[in-house]
There are 4 protein chains.
Amino acid sequence: MEVLHHVKDLGLAPAGLQRILWADRHMPVLRSIRQRFEKERPLAGERIAACLHVTTETANLARTLAAGGAELRLCASNPLSTQDDVAAALVSEFGIPVFAIKGEDTDTYYAHVRSCLEMGPTLTMDDGADLVSSLIFLGLGRLDQLNPQVRALAEELGAEGRRRLAEGVKGSTEETTTGVIRLRAMERDQVLQFPVIAVNDADTKHLFDNRYGTGQSTIDGVLRATNILLAGKTVVVVGYGWCGRGVAMRAHGHGAHVVVTEVDPVRALEAVMDGYSVMPMAEAARKGDLFVSVTGDKHVIAIEHLLAMQDGAIVCNSGHFDVEIDVEGLRRETSDRWDVRPFVEAYRFPDGRVIYLLAEGRLVNLSAAEGHPAAVMDMSFANQALAAEFMREHGEELEAAVHGVPPEIDRAIARLKLETMGVAIDQLTPEQEVYLASWEEGT
Amino acid sequence: MEVLHHVKDLGLAPAGLQRILWADRHMPVLRSIRQRFEKERPLAGERIAACLHVTTETANLARTLAAGGAELRLCASNPLSTQDDVAAALVSEFGIPVFAIKGEDTDTYYAHVRSCLEMGPTLTMDDGADLVSSLIFLGLGRLDQLNPQVRALAEELGAEGRRRLAEGVKGSTEETTTGVIRLRAMERDQVLQFPVIAVNDADTKHLFDNRYGTGQSTIDGVLRATNILLAGKTVVVVGYGWCGRGVAMRAHGHGAHVVVTEVDPVRALEAVMDGYSVMPMAEAARKGDLFVSVTGDKHVIAIEHLLAMQDGAIVCNSGHFDVEIDVEGLRRETSDRWDVRPFVEAYRFPDGRVIYLLAEGRLVNLSAAEGHPAAVMDMSFANQALAAEFMREHGEELEAAVHGVPPEIDRAIARLKLETMGVAIDQLTPEQEVYLASWEEGT
Amino acid sequence: MEVLHHVKDLGLAPAGLQRILWADRHMPVLRSIRQRFEKERPLAGERIAACLHVTTETANLARTLAAGGAELRLCASNPLSTQDDVAAALVSEFGIPVFAIKGEDTDTYYAHVRSCLEMGPTLTMDDGADLVSSLIFLGLGRLDQLNPQVRALAEELGAEGRRRLAEGVKGSTEETTTGVIRLRAMERDQVLQFPVIAVNDADTKHLFDNRYGTGQSTIDGVLRATNILLAGKTVVVVGYGWCGRGVAMRAHGHGAHVVVTEVDPVRALEAVMDGYSVMPMAEAARKGDLFVSVTGDKHVIAIEHLLAMQDGAIVCNSGHFDVEIDVEGLRRETSDRWDVRPFVEAYRFPDGRVIYLLAEGRLVNLSAAEGHPAAVMDMSFANQALAAEFMREHGEELEAAVHGVPPEIDRAIARLKLETMGVAIDQLTPEQEVYLASWEEGT
Amino acid sequence: MEVLHHVKDLGLAPAGLQRILWADRHMPVLRSIRQRFEKERPLAGERIAACLHVTTETANLARTLAAGGAELRLCASNPLSTQDDVAAALVSEFGIPVFAIKGEDTDTYYAHVRSCLEMGPTLTMDDGADLVSSLIFLGLGRLDQLNPQVRALAEELGAEGRRRLAEGVKGSTEETTTGVIRLRAMERDQVLQFPVIAVNDADTKHLFDNRYGTGQSTIDGVLRATNILLAGKTVVVVGYGWCGRGVAMRAHGHGAHVVVTEVDPVRALEAVMDGYSVMPMAEAARKGDLFVSVTGDKHVIAIEHLLAMQDGAIVCNSGHFDVEIDVEGLRRETSDRWDVRPFVEAYRFPDGRVIYLLAEGRLVNLSAAEGHPAAVMDMSFANQALAAEFMREHGEELEAAVHGVPPEIDRAIARLKLETMGVAIDQLTPEQEVYLASWEEGT
């Protein structure tokens with residue numbers, strides 16, 4: 001049977017397969033879930049539409065969901081993050097429908113989203129909430145808010161078809177901080193029609209993936225794109241959430257002088273005490289050699305900051321959407337633009353100063369490097385797989401709201417991960433449990 | 001008018017005064033609150049019983065509460081943590097009743113608690129929940145659970161007096177993780193008779209005081225006690241909560257090889273990813289040169305661990321109570337014991353191996369050094385002062401449960417602290433606030 | 001005039017040019033030398049044969065030497081380190097003869113060396129001492145020691161031609177620790193026929209390039225090849241010289257547990273005090289997840305170590321020659337071999353365990369990544385350019401021995417580098433100079 | 001027999017003895033030498049005058065020299081660094097003549113030097129070259145350069161006695177960078193009359209003691225004196241030699257923002273690449289919260305710097321002599337001065353700003369804390385003991401110049417230290433030794 005797909009070149013499949021197996025080697029927790037799923041088939045009968053970065057790690061999640069019995073379609077959650085050999089291998093080697101091409105334009109991006117929605121999913125998986133928001137606009141009949149590609153589907157379906165599509169979804173899962181922020185806004189605006197599990201908020205996700213994953217992969221993306229020496233450079237990290245901490249930690253680990261900008265006073269104080277310099281962006285703009293935004297917010301590197309930077313400054317983003325840097329403003333204010341190296345574009349201001357923008361302002365870790373290493377995605381995607389299983393079992397009991405990953409799933413993943421790393425830990429003795437539960441014993 | 005007190009030597013007051021003023025210099029947030037309190041007198045009419053470590057920082061909190069119009073009595077929250085010159089200065093220079101002598105025995109400790117309770121407090125402040133637990137035993141009539149010193153008071157008061165005493169308390173505040181654990185156990189057992197604010201749980205408290213404060217002061221205590229070189233040593237940190245992170249960070253910052261032991265798998269994984277070795281205590285016991293417990297739990301360094309240690313191992317505790325190391329077991333199993341240096345006691349096992357115990361297993365940072373630096377206590381005690389003010393205003397509206405510090409207090413303290421450090425940060429633009437609140441904008 | 005060359009594809013020149021200019025942007029010290037050389041032409045009349053890694057940074061050195069008036073030929077100093085686009089651009093855009101193709105076999109490698117020797121150089125530049133050793137074998141008539149390609153030249157030249165070739169060399173410069181070790185052995189064996197300047201030993205070279213350059217680029221090479229997560233991994237660094245310190249520092253900066261192996265007790269002690277674990281290789285072999293050799297010595301990762309490693313261990317080398325890992329032994333003892341990703345080759349032992357070898361055991365930083373960043377090569381190659389100028393002026397006054405870079409050159413480069421980074425420093429006051437020169441003033 | 005001495009209080013001996021034994025526990029290398037010395041008595045017949053910091057570690061060196069058969073006298077090398085209990089114990093428990101009282105004035109200091117010289121030493125040991133410079137002034141008859149106390153001895157001895165005294169010295173050893181700088185100046189001025197071994201320059205001394213020892217103990221001294229929080233503070237380290245690196249490393253390890261000032265461009269570049277901020281002192285003066293000088297030079301914290309500092313700045317020195325801070329200038333320019341805490345003195349400028357000076361500008365690590373930990377002094381003093389033995393055997397063969405510690409001693413100490421730490425390392429295989437010695441093998 002032919003597998004539906006839209007990928008760059010199926011001939012890339014063998015290389016993709018090798019890389020998927022390499023990632024699998026570093027994803028023992030997900031692998032053990034896949035092995036159980038193969039036996040138990042807990043997702044049999046489910047149709048899962050997944051909008052995720054199409055990487056080797058995602059491929060292993062897709063294999064796991066398929067092993068669990070789900071029918072699956074996968075599209076990209078970012079136009080630049082697809083690994084074309086992986087997309088090809090998923091189709092050719094694993095028979096999974098994939099709709100994703102690195103460098104696709106916005107219309108193709110949404111044509112791929114449409115291909116996923118067409119399956120009439122019972123469960124969806126998001127990385128940035130694009131599927132869920134499309135479903136909501138569909139369900140609300142706000143067709144003008146939809147990209148034309150998805151709008152066409154909406155029109156084909158008609159009001160009744162749209163209703164059925166939206167109602168068919170038992171629940172969804174969300175991978176990112178950015179997506180969770182959007183979802184909470186939907187919850188507050190009372191437009192959520194089904195429960196969503198915020199996979200991002202699991203401890204075994206955000207404490208690891210956002211921090212150690214984003215930290216390493218962002219630096220990796222910057223080095224692959226630029227090959228600059230970080231030691232002695234001033235690196236401005238915009239935002240000191242979990243991702244920002246990771247980036248700051250790794251930039252510091254390379255000998256850089258790290259400057260942090262923040263809007264939250266508690267985080268700003270932590271950054272100071274962690275030994276970083278903290279200042280407003282207007283001041284940091286004049287000092288930085290390299291800027292990395294990781295906030296989930298818009299125009300945190302605004303045009304006035306870009307205008308204030310030193311000649312030669314390098315600017316990139318590792319937040320989910322490409323809104324963090326005002327790229328449009330940069331285009332408007334510069335007189336000249338050219339390619340320097342892959343993923344490095346030079347912009348010249350009329351006064352002669354040149355600013356280098358990496359990966360067009362899209363996530364530099366997924367565009368110029370390969371995204372988070374498999375070993376952290378192992379936990380993130382173990383959460384995804386188990387959250388899907390949980391949603392299948394309990395989705396109908398849950399309110400149409402944003403829910404956390406059940407703590408027992410979170411802790412089980414941590415325990416499993418430690419085991420696969422060969423790390424043993426202690427257990428409370430019965431005496432200690434009693435002590436912690438009592439209040440009578442004092443000084 | 002004579003000030004009630006029981007301190008070591010009032011002649012120490014001048015030195016204490018100088019040290020209090022030195023700490024004050026590093027507590028600008030608390031100072032600004034004190035200046036406002038002097039004008040507004042928001043605590044006028046309150047009787048506050050405070051059971052806290054009697055240090056220079058606490059002295060400045062006491063000055064602040066007094067400036068706010070409160071009548072105040074202060075006793076020690078640990079027999080070894082009192083700074084006798086500070087106690088003297090509080091009495092002589094500031095007219096505040098203090099009951100605390102460094103090295104006091106358990107009976108004297110509770111005689112001092114009694115002196116505080118006798119005032120019939122309307123508000124109490126705890127560091128370990130000793131006042132609250134005493135009040136609860138009193139209120140419940142469980143006199144057998146009380147130390148004889150407090151029991152004597154209970155008997156003098158009679159049932160009616162005890163009821164009035166307990167009912168007179170509008171609320172309490174608690175400084176430590178350990179105390180909060182006890183208080184939640186009280187809440188669960190439904191014995192709490194008044195609301196308690198968990199000052200410990202404020203971000204501006206535990207993220208700073210527990211981490212940077214405990215981290216630095218614990219290492220400081222170890223070095224003052226032992227003068228050992230940390231570089232190249234194996235330091236076992238028992239517990240990877242906020243305090244444990246601080247101790248691990250600072251030990252690592254001194255060039256030590258840090259081993260972490262944990263019971264929580266997520267924390268254990270974080271420790272691994274932070275670059276530390278993680279293993280069960282039974283294994284760590286054989287490897288460590290220095291052991292520091294910071295768990296809030298009992299016998300985490302148990303006798304079987306002590307028995308497994310290398311000759312020359314140094315063992316100390318920086319958790320609130322002196323239960324973390326099984327000191328009694330150590331005494332039982334060793335044949336010989338002698339003093340090596342102040343706060344360093346040698347214990348010889350029958351096989352000849354010697355283990356060194358610091359500060360009798362009591363908090364090494366407060367016993368052998370001076371506790372947390374003023375700059376972190378500035379925030380912790382700003383929370384205490386503002387929590388007292390809040391309790392005065394809102395105590396009667398609150399349930400008899402454990403409450404957090406109101407977030408607006410927390411953030412205001414962070415902002416004020418940054419200002420006093422000369423650090424400016426960014427503010428969200430209106431456009432950014434809209435962006436964060438919306439969910440419509442996607443890829 | 002056609003430029004002699006043997007490169008992969010001249011069509012790659014435009015991309016190479018952009019990358020060379022990008023590197024130039026980060027090499028301000030070398031650029032200022034080039035600007036002076038253009039005016040002064042200090043190397044006019046010299047024929048320089050250079051055997052260096054053909055990277056964007058080397059391209060800027062080549063431009064500088066050419067600007068100084070030298071006639072220049074460039075061949076690769078390692079079969080895997082050539083950047084084909086750079087080689088093309090040097091030929092097409094700058095008219096410099098280049099003989100280098102990434103992935104060339106040993107015969108092609110030496111055919112390229114031959115092409116350089118054929119010019120009859122007056123000065124040579126080495127990165128590993130291959131040119132100098134070839135010249136010495138030629139001069140000594142030890143033709144059997146020469147690779148057939150170079151031997152053919154030797155035979156064509158005849159005894160007289162060989163003598164003239166060797167005598168025509170005024171002097172040489174050497175870039176690496178490995179090369180300097182070889183040269184000192186030549187000096188000891190009294191076979192050196194001309195002076196050599198050990199550029200490697202300049203402070204502004206080895207303290208920076210070997211440490212910060214090798215450190216960052218080795219990790220970069222490992223990540224590009226493998227995309228593994230370093231946090232929590234055990235990384236074994238074989239050798240704690242300047243390169244090893246760099247690698248250890250950066251691996252640690254990524255959250256890895258670093259194990260160091262050494263033969264020198266002082267360095268081993270430093271590694272311990274720097275917070276790393278130190279153990280013999282036989283023990284480290286069983287613990288490591290990733291191994292990096294940086295010793296300049298042979299078989300430091302020997303077959304018995306490879307046999308002892310865990311399933312999945314990753315092994316690579318960042319030392320100059322591909323002798324540090326016993327690759328031949330690995331081939332002999334394994335039953336199966338396949339490609340996993342570019343620069344990652346899997347070897348399976350008969351017992352099923354798989355070891356991954358990166359870049360065939362050649363320098364991983366130059367093979368899988370782009371070598372040292374321009375900002376450090378800036379200083380290394382400023383030393384090369386100024387050493388060439390010095391050799392031209394003073395070569396004939398120097399003994400046929402290994403010489404250091406004159407300290408005034410070294411310090412001038414450091415000053416210039418600081419200036420270009422916008423960093424100002426202090427100067428001794430006259431009073432301080434007197435104080436330092438006097439001995440009379442005591443306690 | 002009564003032991004000659006001038007110490008504070010012999011009653012302190014028991015406490016001193018315990019502390020000496022505690023240090024001995026952490027000095028296994030020196031202990032093994034002492035055990036050999038006891039058997040071999042290699043210093044029998046020597047009279048050793050030692051001018052060293054009278055600490056627990058020095059006590060164990062003194063015991064070792066005495067065990068070797070030497071007749072010994074010990075005086076302090078700094079007026080503030082004596083540990084009075086140790087001085088007492090050396091006299092009472094070990095029968096070693098000591099002349100040292102903490103806080104002694106300059107005349108007493110030199111009276112103690114005189115007491116050492118009076119013994120007619122055959123070997124001297126210096127920490128700052130005060131004994132050697134006194135002997136040189138004596139030998140040269142430059143009596144006006146001598147402190148009156150020593151001058152009186154010189155006059156008593158007469159020309160002939162002075163000649164005999166100077167000629168009686170076979171050689172000397174020197175512990176510090178500062179002393180070695182002075183000695184090289186003496187060598188250059190051709191006034192050295194006997195050979196001196198620069199113990200400081202041994203790898204097992206300066207790489208460890210100066211870096212890890214000074215680093216830890218300086219921070220320790222600052223914390224004991226001030227109890228300030230280092231996290232988030234700006235710490236200015238004046239000088240980036242081995243001591244400065246140690247202080248910077250440990251300040252950074254406490255979460256401080258480290259600023260380095262330097263006069264040497266190579267060191268300044270290293271500091272930049274190590275991630276520190278580098279700037280001239282004039283600029284750093286305005287930014288620092290804490291200043292530490294470690295240069296061996298005069299007035300590196302000059303009065304213009306002190307005048308530029310922020311209100312509340314804390315200033316200290318960890319270099320050998322108290323000349324690094326212009327304390328006299330500070331006294332002259334301030335209107336008011338008072339004691340804040342032990343070792344903390346406040347100085348108020350007429351404009352109201354207050355600067356805090358620690359330990360009167362003398363080495364803060366020895367004044368406010370206990371100097372280097374025993375574990376590093378173990379190696380430094382092993383070098384001293386073995387250098388004394390070497391000087392006894394070979395002193396007469398050596399020129400009157402500054403000599404290094406023989407490398408075999410240096411390496412033997414490193415090996416012994418590793419062994420006592422339970423750390424094993426590798427050995428070159430015969431094949432590797434051949435490889436390293438050969439130059440024939442190339443690419």
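Labels below follow one simple rule: chain letters A, B, ... track the order of the sequence lines, proteins then strands, and each chain is numbered from 1.
Atom CD of B/Gln190 is surrounded by 12 or fewer heavy atoms from other residues, nucleotides or ligands within 6.0 Å. More than 12 heavy atoms of other residues, nucleotides or ligands sit less than 6.0 Å from atom CD of B/Glu433. By the neighbour-count criterion of 12 heavy atoms within 6.0 Å, atom CD of A/Glu431 is densely surrounded, having more than that number from other residues, nucleotides or ligands. Summarising the local packing, CD of B/Gln427 is surrounded by 12 or fewer heavy atoms from other residues, nucleotides or ligands at distances under 6.0 Å.
Proximity to chain B is absent for every atom of A/Asn78, based on heavy atoms less than 4.5 angstrom apart. Only the side chain of B/Val323 comes within contact range of chain A, with at least one heavy atom under 4.5 Å from a heavy atom of that chain. Residue contact with chain A, scored on non-hydrogen atoms closer than 4.5 Å, is absent for B/Ser134. Interface remark: B/Val272 contributes side-chain atoms only to the contact with chain A (heavy atom separation under 4.5 Å). Contact of A/Glu270 with chain B is made through backbone and side chain together, with heavy-atom distances under 4.5 Å. Using a 4.5 Å cut-off between heavy atoms, A/Glu283 makes no contact with chain B at all. Of the atoms belonging to B/Asp130, it is side-chain heavy atoms, and not backbone ones, that fall under 4.5 Å from chain A. Within the 4.5 angstrom heavy-atom criterion, only backbone atoms of B/Ser438 (N, CA, C, O) approach chain A. Contact of A/Thr178 with chain B is not made at all, since no heavy-atom distance falls under 4.5 Å. Only the side chain of A/Ile136 has a heavy atom closer than 4.5 Å to any heavy atom of chain B. Only the side chain of A/Arg142 comes within less than 4.5 Å of a heavy atom of chain B; its backbone N, CA, C and O stay farther away.
Side chains of A/Gln432 and B/Val300 form a contact here, defined as non-hydrogen atoms less than 4.5 Å apart. In this structure, B/Ile425 and A/Pro265 have side chains that are in contact, with non-hydrogen atoms separated by less than 4.5 Å. At a threshold of 4.5 Å between non-hydrogen side-chain atoms, the residues A/Asp264 and B/Arg411 count as touching. With contacts defined as side-chain heavy-atom distances shorter than 4.5 Å, the pair A/Phe208/B/Val266 qualifies. A/Met421 is listed as a side-chain neighbour of B/Leu269, based on a closest heavy-atom distance under 4.5 Å.
Summarising the geometry of A/Gly296 relative to B/Leu436, their closest heavy-atom pair is O-CD2, 3.8 Å, with the distance given to 0.1 Å. Across all their heavy atoms, A/Ala185 and B/Ala437 have their closest contact at CB-O, 3.3 Å.
Comparing B/Asp203, B/Thr261, B/Leu428, B/Val434 by heavy-atom pairs within less than 4.5 Å of chain A, the highest count is held by B/Leu428. Residue with the most contacts toward chain A among B/Asp189, B/Asp410, B/Ile413, B/Ile181: B/Asp189 (heavy-atom pairs, distance under 4.5 Å). Of the listed residues (B/Arg184, B/Arg211, B/Gln145), the one with the most heavy-atom contacts under 4.5 Å to chain A is B/Arg211. Residue with the most contacts toward chain A among B/Asp274, B/Val376, B/Thr295: B/Asp274 (heavy-atom pairs, distance under 4.5 Å). Listed options B/Leu183, B/Val191, B/Thr204 were ranked by heavy-atom pairs under 4.5 angstrom with chain A; first place goes to B/Val191. Ranked by heavy-atom pairs shorter than 4.5 Å toward chain B, the options A/Val132, A/Val278, A/Asp322, A/Thr429 are led by A/Val278.
Annotation: the span from A/Met273 atom CE to B/Met249 atom CE amounts to 10.5 Å, rounded to 0.5 Å. Here the CZ atom belonging to B/Arg182 is positioned 8.0 Å from the CH2 atom belonging to A/Trp439, to the nearest 0.5 angstrom.
B/Asp426 places no side-chain N or O within 3.5 Å of a backbone atom of A/Val263 that could act as its donor or acceptor partner.
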